[in-house]
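What follows is a short report on a single structure.
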Amino acid sequence: MKVRVCLSILSCKLARFALRLLGRGGTDFPGRVALKVCPSVLGTLAEGVTAIVVTGTNGKTTTSRMIEQALTDSGISFFANRSGANLLSGVTAEFAMHASLTGRCRYPYALIEADEAAFKAISRYLRVKAVVVTNVFRDQLDRYGEVTHTLENIRISIANCPGATLCLNADDSLSRSLADQVDNPVLYYGVNTPIYAHRVAELSDAPYCIRCKHEYVYDYVTYGHLGGYRCPHCGYGRPAPDVAVTEVLSTDTEGSRVAVEADGRRYEAEIHLPGGYNIYNGCAAMACGKALGLDLGTVAASLSTFACGFGRMEKFEIRGASLRMILIKNPAGCNQVLNFLTNTREPSVFVVCLNDRAQDGRDVSWIWDVDFEQVAAMGENLHRLLVSGIRADDMALRFKYAGVPAEKLEVVRDYGALLERCVAQDKPVYIMPTYTAMLDLREKLSKTYGFKEFWQ
């Protein structure tokens, strides 16, 4: 067995080295090679390592980056799967790359972003101290199924993590319900106030009580099905958060300043990414800090200095042009991006790249559940709209039905030509790609304009 473990780790390291020499990411394939040699190698690699896991539908990567900065500022020795390789193979690869050939990890802590479906397999091998669940939304129906299936995947995963403290989103009736199904200690986090002056119209993924199926009543809504929900029939409702955003002090195109209360103390935090959903991510990071016993003043300060994940509000300055890349992958997340973009109040260029590869989800019907009509309603503030990707024609059709004027809409299929068009603009450019389109665009940006590769 020890020989197989050593061979597994060695093959992983060699595969990563070879791929990096070729200029490829090597985030997932080396782990698949390692698992082929020894399917249970992660169990050996994770021995003696305390894991912190972030899972959920939206916000995993950004929340992980926030926690990463908090751990760094707190002086904790750890490693993380920073590239976003969050399946069993990707997590295995990161453990192998931070271990000796005998399987001994060099770090006492691991910060792991886990895909909500893959978490079941990953959790069998890790010793987990804290699990952060960001939210549960409808996402890639061909892969995840309905939200109740995703919720069940997370519940089974948590059952594999006895004693781990759960950081649950109090404003999400689905995530909150996990507390009733497991014996783990729970910390709730949430936002006690609306976060948008104007919200785009959107469908709720959880309009009915998860216990008795009566319709929820909301005291306020932040976005999607999140907010101050309560069931008038059985009494199920939002619990009082242990970590709460009590006030949004300011917000603009660069970030938000919020007041957070925990343990009877008030902390002011600068979140240096825009968008109301990043307020939730920051609150989740604060809750994780509390679960780990970190100084919350240090955690709050770290929210102003963390490095955003690739493609998650990532900003590029090229030859005087300002480009910002924002991943989209499901109706709830895309609507939140539009909440941010349609409230910028300045003429802008929008770019949407729609792919339908396995990692994106083969079913692209979700674009019809997004309020793209809000884009058409921007009027003169929508300077130009470019669409690209494998399913560019589907995206163009959706915008046509949304009411975007034909003279503002253009299909640009080649990514090189697309980026050149973006760089030539004298208005802010916001690029909204699905996952594989984002990887393709990041690679093109790196090779053409000299930016770091996404895994860096």
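Not measured: the values here are computed from a predicted model.
For Y208, the OH atom is loosely surrounded, since the number of other residues' heavy atoms within 6.0 Å does not exceed 12. Residue-environment remark: NZ (K444) stays at or below the threshold of 12 foreign heavy atoms within 6.0 Å. Counting non-hydrogen atoms of neighbouring residues, nucleotides and ligands closer than 6.0 angstrom, the CZ atom of R106 exceeds 12 such neighbours. The number of heavy atoms from other shown groups lying within 6.0 Å of OH (Y109) does not exceed 12.
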Kindly indicate, with the supporting measurements, whether the criterion side-chain hydrogen bond (donor to acceptor under 3.5 Å, both in side chains) is fulfilled by D73 and T298. CA-CA 7 Å; D73 293 348; T298 300; over 6 Å; no
For I158 and L166, what are the C-alpha separation, side-chain angles and deciding distance, and is it a side-chain contact (heavy atoms from CB on, under 4.5 Å)? CA-CA 8 Å; I158 291 170; L166 307 184; 3.7 Å; yes
Dump the intermediate steps for side-chain contact (heavy atoms from CB on, under 4.5 Å) on L296 and R265, then the final yes or no. CA-CA 10 Å; L296 291 187; R265 292 189 59 185; over 6 Å; no
Under the criterion side-chain contact (heavy atoms from CB on, under 4.5 Å), I'd like the reasoning laid out for T92 against Y125: C-alpha separation, chi angles, the key distance, then a yes or no. CA-CA 10 Å; T92 299; Y125 300 106; over 6 Å; no
With side-chain contact (heavy atoms from CB on, under 4.5 Å) as the criterion, how do D242 and Y189 come out once you've worked through the C-alpha distance, each side chain's angles and the decisive distance to 0.1 Å? CA-CA 6 Å; D242 300 286; Y189 66 91; over 6 Å; no
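A salt bridge between D440 and R357 is present, with a side-chain N of the basic residue lying under 4.0 Å from a carboxylate O of the acidic one. The residues K290 and D263 are annotated as salt-bridged, a charged nitrogen and a carboxylate oxygen being separated by less than 4.0 angstrom. With salt bridges taken as basic N to acidic carboxylate O contacts below 4.0 Å, one links E94 and R16. Salt bridge annotation for E254-R324: present, with a cationic side-chain nitrogen under 4.0 angstrom from a carboxylate oxygen. Look at R176 and D172 and you find no salt bridge, because none of the NZ, NE, NH1 or NH2 atoms lies under 4.0 Å from a carboxylate O. A salt bridge links R230 with D219: at least one charged nitrogen is closer than 4.0 Å to a carboxylate oxygen.
A donor-acceptor pair is defined here as one N or O able to donate and one able to accept, closer than 3.5 Å; no such pair exists between the side chain of T62 and the backbone of G59. A donor-acceptor pair under 3.5 Å is absent between the side-chain atoms of T63 and the main chain of K60, judged by distance alone. Judged purely by atom type and a 3.5 angstrom limit, Q69 has no side-chain atom pairing as donor or acceptor with the backbone of R65. A donor-acceptor pair is defined here as one N or O able to donate and one able to accept, closer than 3.5 Å; such a pair exists between the side chain of T434 and the backbone of N355. Although no hydrogens or angles enter the test, the distance criterion places no donor-acceptor pair under 3.5 Å between the side chain of H214 and the main chain of C231. Between the N153 side chain and the A118 main chain, no donor and acceptor come within less than 3.5 Å of each other. Not a single donor-acceptor pair under 3.5 Å links the side chain of S8 to the backbone N or O of R4. In terms of modelled atom types and a separation under 3.5 Å, the side chain of N184 and the main chain of C161 share a donor-acceptor contact. One N or O on the side chain of S348 and one on the backbone of E346 form a donor-acceptor pair closer than 3.5 Å. Distance alone, capped at 3.5 Å, is enough to place a donor-acceptor pair between the T57 side chain and the F137 backbone.
Annotation: side chain of H225 is in contact with side chain of Y218 (closest heavy-atom distance under 4.5 Å). Taking 4.5 Å as the limit, every side-chain heavy atom of P194 sits out of range of all side-chain heavy atoms of T222. At a threshold of 4.5 Å between non-hydrogen side-chain atoms, the residues L71 and I52 count as touching. Side-chain contact check for V182 versus R155: some heavy-atom pair is nearer than 4.5 Å. Put simply, the side chain of T165 reaches to within 4.5 Å of the side chain of L187, judged on heavy atoms. With a 4.5 Å cut-off on side-chain heavy atoms, R32 and F29 count as touching. For the pair L111 and V53, the minimum side-chain heavy-atom distance is 4.5 Å or more. Side-chain contact between S250 and S256 is absent, with no heavy-atom pair separated by less than 4.5 Å.
Residue D115 forms a side chain to side chain contact (heavy atoms under 4.5 Å, CB included) with just one option from L88, T55, N86, and that option is N86.
The shortest heavy-atom contact between G56 and T134 is CA-OG1, 3.4 Å. In terms of heavy-atom proximity, A285 sits nearest to L303 at CB-CD2, 4.2 Å. Pairing each heavy atom of F340 with each of D252, the nearest pair is CE1-O, 4.4 Å. The two residues G237 and Y229 make their nearest non-hydrogen contact at C-CE1, 3.4 Å. In terms of heavy-atom proximity, L441 sits nearest to P433 at CD1-CB, 4.0 Å. What you find for V128 and A164 is that their closest heavy atoms are O-CB, 3.3 Å.
Relative orientation of the F79 and F95 rings is perpendicular, given thresholds of 30° and 60° on the angle between their planes. A perpendicular orientation is assigned to the rings of H98 and Y107, their planes being inclined by more than 60° (bins at 30° and 60°).
Within the model, atoms OH of Y277 and CG of L226 stand 14.0 Å from one another, a figure rounded to the nearest 0.5 Å. We find the CE-SG distance between M66 and C283 to be 10.5 Å, quoted to the nearest 0.5 Å. Rounding to the nearest 0.5 Å gives a distance of 10.5 Å between CG of N278 and CD of Q336. Residue M286 holds its CE atom at 8.5 Å from OG of S302, rounded to the nearest 0.5 Å. Note that OH of Y236 and OG of S173 are 5.5 Å apart. Values are rounded to the nearest 0.5 Å. Considering CD of E47 and SG of C105, their distance stands at 11.0 Å, rounded to 0.5 Å.
Remark: aromatic rings of H272 and F306 are close, center separation under 6.0 Å.
Checked by atom type, the side-chain pair R238/N169 shows no donor-acceptor distance below 3.5 Å. No hydrogens or angles considered: a donor-acceptor pair under 3.5 Å links the side chains of D171 and Y280. Looking at N135 and S175, their side chains never bring a donor and an acceptor atom within 3.5 Å of each other. T61 and E113 are linked by a side-chain donor-acceptor pair at a separation below 3.5 angstrom, with hydrogens and angles left out of the test.
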